[in-house]
Amino acid sequence: MPRTAFKRALVTGASAGIGAEYARQLAAAGTDLVLTARRLDRLEDLAAELRARHGVKIEVVPADLSKDDGLSRVEKALAADPAIDLLVNNAGYGGRTGFLRGETADHLDMVRVHVDAAVRLTKAVLPGMIARGRGAVINVSSVAAFSPASGAQYSGTKSFLVMFSENLRTELRSKGIVVQALCPGLTHTEFHAAARQDLSRVPEMFWRTASYVVRVSLRRLGGRVVCIPGWENKAAAFLMRCPLTAGLVRAAGRSRIVRERSGKGD
Ligand SMILES: NC(=O)c1ccc[n+]([C@@H]2O[C@H](COP(=O)([O-])OP(=O)(O)OC[C@H]3O[C@@H](n4cnc5c(N)ncnc54)[C@H](OP(=O)(O)O)[C@@H]3O)[C@@H](O)[C@H]2O)c1
């Protein structure tokens with residue numbers, strides 16, 4: 001159960017994985033929802049299931065956040081709905097190539113989905129929250145935000161979300177609005193299949209379920225800005241940031257085997 005009760009939440013990337021799980025856990029706690037993603041059929045099925053099970057009100061907004069018209073549609077839905085007291089910027093995906101091999105247009109699409117969408121949707125939701133003196137924004141980042149070996153585009157956009165959240169929290173502290181940068185590690189969702197990454201050889205002990213990740217996020221919301229679910233991910237983030245070990249992690253990241261396994265080989 002979330003530590004704070006929310007009246008109405010907007011969740012991006014709600015058609016699968018971590019976003020769908022936010023929708024499930026928030027609906028179970030009685031929160032009305034606005035769900036958005038590109039796959040309308042998935043959103044409608046989830047909305048029907050949650051309305052029937054929990055009796056909450058759910059609106060569905062199909063939108064591609066890499067396109068200006070899609071992002072504008074969600075932005076307008078937020079601006080027109082001052083009752084929204086929780087925004088979850090969750091939509092995202094992994095890179096399929098390294099920076100050099102990838103197309104510039106694809107790199108910019110990722111910036112739009114991970115960065116532009118989070119900035120514009122946060123800007124759109126804040127006036128209602130400030131007027132109410134209460135609200136929360138969750139930006140779904142990743143432990144890859146701290147990694148030198150998870151892809152220039154993916155890690156770069158995810159680390160933006162960490163510092164964006166940290167600084168936003170400082171600025172909003174006196175307004176009653178809390179901010180979280182959720183940094184999951186390996187989580188069982190459709191993410192790796194969509195990015196055509198085969199991680200089937202990574203032992204199960206390094207994986208978490210979306211249900212666990214979202215439970216930790218909602219329970220810790222209002223605490224530290226950076227929320228890293230799971231001891232193994234906390235340890236990895238520590239090793240990547242600690243001055244004594246960061247060099248070793250960087251060297252490991254440069255090795256061919258790591259680059260090939262993460263799809264970033266030459
Ligand atoms: N799974 C992991 O191991 C892991 C680890 C760390 C961080 N994360 C982060 O967690 C977040 C959720 O990912 P997930 O693991 O739940 O993956 P997922 O199961 O593949 O879900 C991704 C969601 O993002 C939506 N999305 C992707 N591109 C979009 C676009 N252009 N416009 C609108 N929506 C879009 C997808 O919906 P449609 O395809 O229907 O549009 C889907 O609902 C992402 O930000 C990801 O970076 C995941």
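Both ligands and their constituent atoms are indexed starting at 1 by order of listing. Given the structure is predicted, the values throughout are model-derived calculations rather than measurements.
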Shortest protein heavy-atom distance from [atom], along with the residue and atom involved:
| atom | answer |
| --- | --- |
| atom 15 (O) of ligand 1 | Thr189 OG1, 2.6 Å |
| atom 42 (C) of ligand 1 | Ser15 OG, 3.5 Å |
| atom 20 (O) of ligand 1 | Phe191 N, 3.3 Å |

Exercise: identify the closest heavy-atom pair between Thr12 and Ala91:
OG1-N, 2.9 Å

At under 4.0 Å between heavy atoms, which part of [X] makes contact with ligand 1: side chain, backbone, both or neither?
| X | result |
| --- | --- |
| Ala194 | neither |
| Asp64 | both |
| Ala144 | neither |

Give a yes-or-no answer on whether the side chains of Gln180 and Ser165 include a donor-acceptor pair shorter than 3.5 Å.
no

Tyr212 and Thr187: side chain donor to acceptor below 3.5 Å
no

Out of Asn90, Ile18, Val140, whose heavy atom sits nearest atom 44 (C) of ligand 1?
Asn90

Evaluate whether atom CZ of Arg51 has more than 12 neighbouring non-hydrogen atoms of other residues, nucleotides or ligands under 6.0 angstrom away.
yes

[X] to ligand 1, any heavy atom closer than 4.0 Å:
| X | answer |
| --- | --- |
| Ala210 | no |
| Ala20 | no |
| His192 | yes |
| Lys158 | yes |
| Gly185 | yes |

Check: Val143 main-chain N/O paired with Ser147 side-chain donor or acceptor under 3.5 Å
no

Any donor-acceptor pair under 3.5 Å from Lys7 side chain to Leu86 backbone:
no

Using a 4.0 Å cut-off to any heavy atom of [X], which atoms of ligand 1 qualify?
| X | value |
| --- | --- |
| Leu186 | 3 (O) |
| Tyr93 | 28 (N) |
| Ala16 | 19 (O), 21 (O), 43 (O) |
| Ala14 | 43 (O) |
| Ser141 | 7 (C), 9 (C) |

Apply side chain to side chain donor-acceptor pair (under 3.5 Å) to residues His54 and Glu49 and explain how you reach the verdict.
CA-CA 9 Å; His54 304 293; Glu49 175 199 324; over 6 Å; no

From the list Arg112, Arg73, Arg120, salt bridge (Lys or Arg N to Asp or Glu O under 4.0 Å) with Asp68 holds only for Arg120

Passes salt bridge (Lys or Arg N to Asp or Glu O under 4.0 Å), Glu21 versus Arg215? Steps please.
CA-CA 9 Å; Glu21 191 55 38; Arg215 215 165 43 244; over 6 Å; no

Does any N or O of ligand 1 fall below 3.5 Å from an N or O anywhere on Arg38, backbone included?
yes

Would you check the N or O atoms of Thr187, main chain and side chain alike, for any that come under 3.5 Å of an N or O of ligand 1?
yes

Determine, step by step, whether Asp198 and Ser200 satisfy the side chain to side chain contact (heavy atoms under 4.5 Å, CB included) criterion, reporting the C-alpha distance in whole Å, the side-chain angles of both residues, the deciding distance to 0.1 Å, and the verdict.
CA-CA 6 Å; Asp198 179 10; Ser200 54; 2.7 Å; yes

Ring-plane angle category for His114 and Tyr154, please: parallel below 30°, perpendicular beyond 60°, tilted otherwise.
perpendicular

Are Leu26 and Leu50 in one and the same hydrophobic cluster, where Ile, Leu, Val, Met, Phe, Trp and Tyr link if side-chain heavy atoms are under 4.5 Å apart?
yes

